[in-house]
Amino acid sequence: MVVVAMSVDKRRTRTLKDYPLKNTGPVIYWMGREQRASDNWALLYAQELALNLKRPLVVIFTLASGYLDATLRQYSFMLDGLKETSISLEKKNISFALLVGDPPAKAALFINKTNACSVVTDFEPLKIKEAWKKKVAKNISVAMFEVDARNIVPCFFVSPKQEFGAYTLRPKINRILLEFATPYPALKKHPYKYSGAKKGDPFAKAAASLKIDESVKPVNWVEAGESAAKRTMKYFIKEKLARYPDAKNDASKNALSYLSPYLHFGQISSLTVFNEVKKSCTPQDAKDAFLEELVVRRELADNFCLYNKNYDSFDGLPDWAKKTLVKHKADKREYLYSLKELEYAKTHDALWNAAQLEMVNKGKMHGYLRMYWGKKILEWSKSPEDAIKIAIYLNDRYELDGRDTNGYAGIMWAIGGLHDRAWGERDIFGKVRFMSYNSQIKKFNFKEYIKNVPIS
DNA sequence: ATCGGCTCGCGCAA
DNA sequence: TGCGCGAAGCCGAT
């Protein structure tokens, strides 16, 4: 077959299954965490393959019950976004199929049944996703590619190992950032129609068959989906970005982008945000401060989860931190709270309780307080192992952006010194950085913050 | 209000 | 081998 030059950078792609391209059924994009029709390198790559082969393009999404203990809150945000995406895809003559059940089994079955000519999926370093992909690759006889459509600089290309800190990854990203920060081509109206599409609304049926924890309710202050994500981005750039450097660590000020749920579900691409921020009329220091978090810190979290498969447990911490935490494991805890006491915000610390309630009731905790929140869980739990488990449980249960590489890296930073340096030794924390209640309340108007936290 | 020390290890210069 | 410096701090001295 003729190999045509592709506009998606080859360094963004990896081969998961080496097999000659066929010329039979559709090209399939198995959509994972990049849940959007626009500005999606994985989808664009799949479309280019399909155009070259002159075949239809089908996007499939595999929907599992209780994925990593997600609750109705996250499912509802995700499905609302997917509905909008599926409509956008259909408008481009790209078919969308929602497959309910065991993801790798359902995906492989669909690929085999439709006699697909190749399969594209998006990059995500979580263990469960890697296991799914491996299983699918084993059970199909067709080429399968993976595209990093999340990071601006592809994660597996920028570094071959776990980076020690932001300062070791930053220069590697910056050296090649502009090579990868290219504008997105538009998704084309696909000229070859897929004839096997099922009639009817797949979402109604799927919702009925899902078995998920419904005790954590959806939140109504934020709208899901690609167009809401773009509106949120534009509002942030226009109204809040200029004061971001001064106000970002102040939980009583409304200065954050509120983009993390959208970024988590891939309803917006960080490169889209990057390009919009760059071309905005905002002081350079504000752009720099925001882009550091949008690019370096987010991509550092993916780097961590890609190269450290203990990203969600004590074993994944750096050696110096494990050593010092073990040394202080038996230190007396002045306060010791059970999971339920923490979950219901019944501690002696009004600031911590407020942050916890903000998360439980809103699905989003202020970014700066997430650090304080995590460090106090270490201080009040019987071991660092327990603290990590509890923090991940609460984060994944209540945050809209739970189960994100950023969530794991953030918790490991707070509790276990990941990507951080050693500091003065003290009880429980050892040499892991400590944060104190007294310093926090001196830094910002916490009464104002607490006043605005939704208490139910 | 501001400053230095705390303390570890990577990466680069020499 | 030495040295600078880092993902968001704390504390005590001045």
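Residue numbering restarts at 1 for every chain, and letters A, B, ... go by the order of the sequence lines. In this text, all values refer to a predicted model and were calculated from it rather than measured experimentally.
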Review point. Under 6.0 Å from the six-membered ring centre of A/Tyr337 and within 45° of its axis: does the NZ or CZ of A/Lys346 meet both?
Key: no

Practice item. State whether A/Ser439 places a side-chain N or O below 4.0 Å from either non-bridging phosphate oxygen (OP1 or OP2) of C/dG9. Key: no

Check your understanding: Mind checking the P distance from B/dT7 to C/dG12? Whole angstroms is fine.
Key -> 15 Å

Check your understanding: Counting side-chain heavy atoms from C-beta on, which of B/dG9, B/dG11, C/dC10 comes nearest to A/Tyr167?
Key -> B/dG9

Exercise for review: Rounded to the nearest angstrom, tell me the gap between atom CG in A/Leu300 and atom P in C/dG6.
Suggested key: 15 Å

**Study point:** Whole-angstrom distance between B/dA14 and C/dC5, as gauged at atom P
**Key:** 14 Å

Check your understanding: Below 4.0 angstrom from OP1 or OP2 of C/dC10, is there any side-chain N or O of A/Arg433?
Key -> no

Exercise for review: Determine: side-chain N/O of A/Ser436 to OP1/OP2 of C/dC10, distance under 4.0 Å, yes or no.
Suggested key: yes

Check your understanding: Looking only at side-chain N and O atoms, does A/Lys375 come under 4.0 Å of OP1 or OP2 in C/dA7?
Key -> no

Review point. At under 4.0 Å, does any side-chain N or O of A/Arg297 touch on OP1 or OP2 of C/dA8?
Key: no

Check your understanding: Could A/Arg370 and A/Asp401 be called an ion pair, given the rule that one side-chain N must be under 4.0 Å from one carboxylate O?
Key -> yes

Check your understanding: Hey, is A/Glu385 close enough to A/Lys329 for a salt bridge, meaning N to O under 4.0 Å?
Key -> yes

Exercise for review: Using only heavy-atom distances, decide whether a donor-acceptor pair under 3.5 angstrom links the side-chain of A/Arg370 to the base of C/dA8.
Suggested key: no

Review point. At under 4.0 Å between heavy atoms, what does A/Trp320 touch on the DNA or RNA strands: base, sugar-phosphate, or nothing?
Key: sugar-phosphate

Exercise for review: Between C/dC10, B/dC8, C/dA8, spot the one nearest the side chain of A/Asp420, thanks.
Suggested key: C/dA8

Review point. According to a strict under-4.0 Å criterion, is A/Lys443 in side-chain N/O contact with OP1 or OP2 of C/dC10?
Key: yes

Point to revise | P spacing across the pair C/dG4 / B/dG5, given as an integer number of angstrom | key: 13 Å

Practice item. Kindly confirm or rule out a cation-pi arrangement of A/Lys375 over A/Trp380, judged by NZ or CZ under 6.0 Å from the six-membered ring centre and within 45° of its axis? Key: no

Exercise for review: Give the nucleotide from the list C/dA7, C/dA8, C/dC11 with an atom nearest to the side chain of A/Arg426.
Suggested key: C/dC11

Review point. Please give, in whole Å, the distance from C/dA8 P to A/Asn406 CG?
Key: 16 Å

Check your understanding: Whole Å only: how far is the CZ atom of A/Phe290 from the P atom of C/dA7?
Key -> 18 Å

Check your understanding: Out of B/dC8, C/dA8, C/dC10, which has the shortest distance to the side chain of A/Asn249?
Key -> C/dA8

Review point. Under a 4.0 Å N-O cut-off, is there an ion pair linking A/Glu146 with A/Lys133?
Key: yes

Revision key, fill the gap. The nucleotide from B/dT7, C/dC11, C/dA7 with an atom nearest the side chain of A/Lys431 is B/dT7

Check your understanding: So which nucleotide does B/dT7 pair with, by the Watson-Crick or G-U wobble rule with both distances under 3.5 Å?
Key -> none

Review point. How would you label the contact of A/Lys161 with the nucleic acid (heavy atoms, under 4.0 Å): base, sugar-phosphate, or nothing?
Key: sugar-phosphate

Exercise for review: Please check the phosphate of C/dG9 (OP1 and OP2 only) for any side-chain N or O of A/Tyr368 closer than 4.0 Å.
Suggested key: yes

**Study point:** Interatomic distance, A/His419 NE2 vs B/dC8 C1' [rounded to whole Å]
**Key:** 15 Å

Exercise for review: Please work out if A/Gln440 contacts a base, only the sugar-phosphate, or nothing of the nucleic acid, heavy-atom cut-off 4.0 Å.
Suggested key: sugar-phosphate

Exercise for review: Measure the distance from CH2 on A/Trp423 to C1' on B/dG9 and round it to the nearest whole Å.
Suggested key: 14 Å

Practice item. Starting from P on B/dA1, measure out to NZ on A/Lys442 and report it in whole angstrom. Key: 11 Å

**Study point:** Separation of the P atoms in B/dA1 and C/dA8, to the nearest angstrom
**Key:** 23 Å

Check your understanding: Between C/dC11, C/dA8, C/dA7, which nucleotide gets closest to the side-chain atoms of A/Met371?
Key -> C/dA8

Revision key, fill the gap. Rounded to whole Å, the CZ-C1' distance (A/Phe164 to B/dT7) equals 11 Å

Practice item. In whole angstrom, give me the gap between the P atoms of B/dG9 and C/dC10. Key: 23 Å

Review point. Salt bridge check: are A/Lys129 and A/Asp302 linked by an N-O gap of less than 4.0 Å?
Key: no

Check your understanding: Would you call the rings of A/Phe96 and A/Phe203 parallel, tilted or perpendicular if under 30° counts as parallel and over 60° as perpendicular?
Key -> parallel

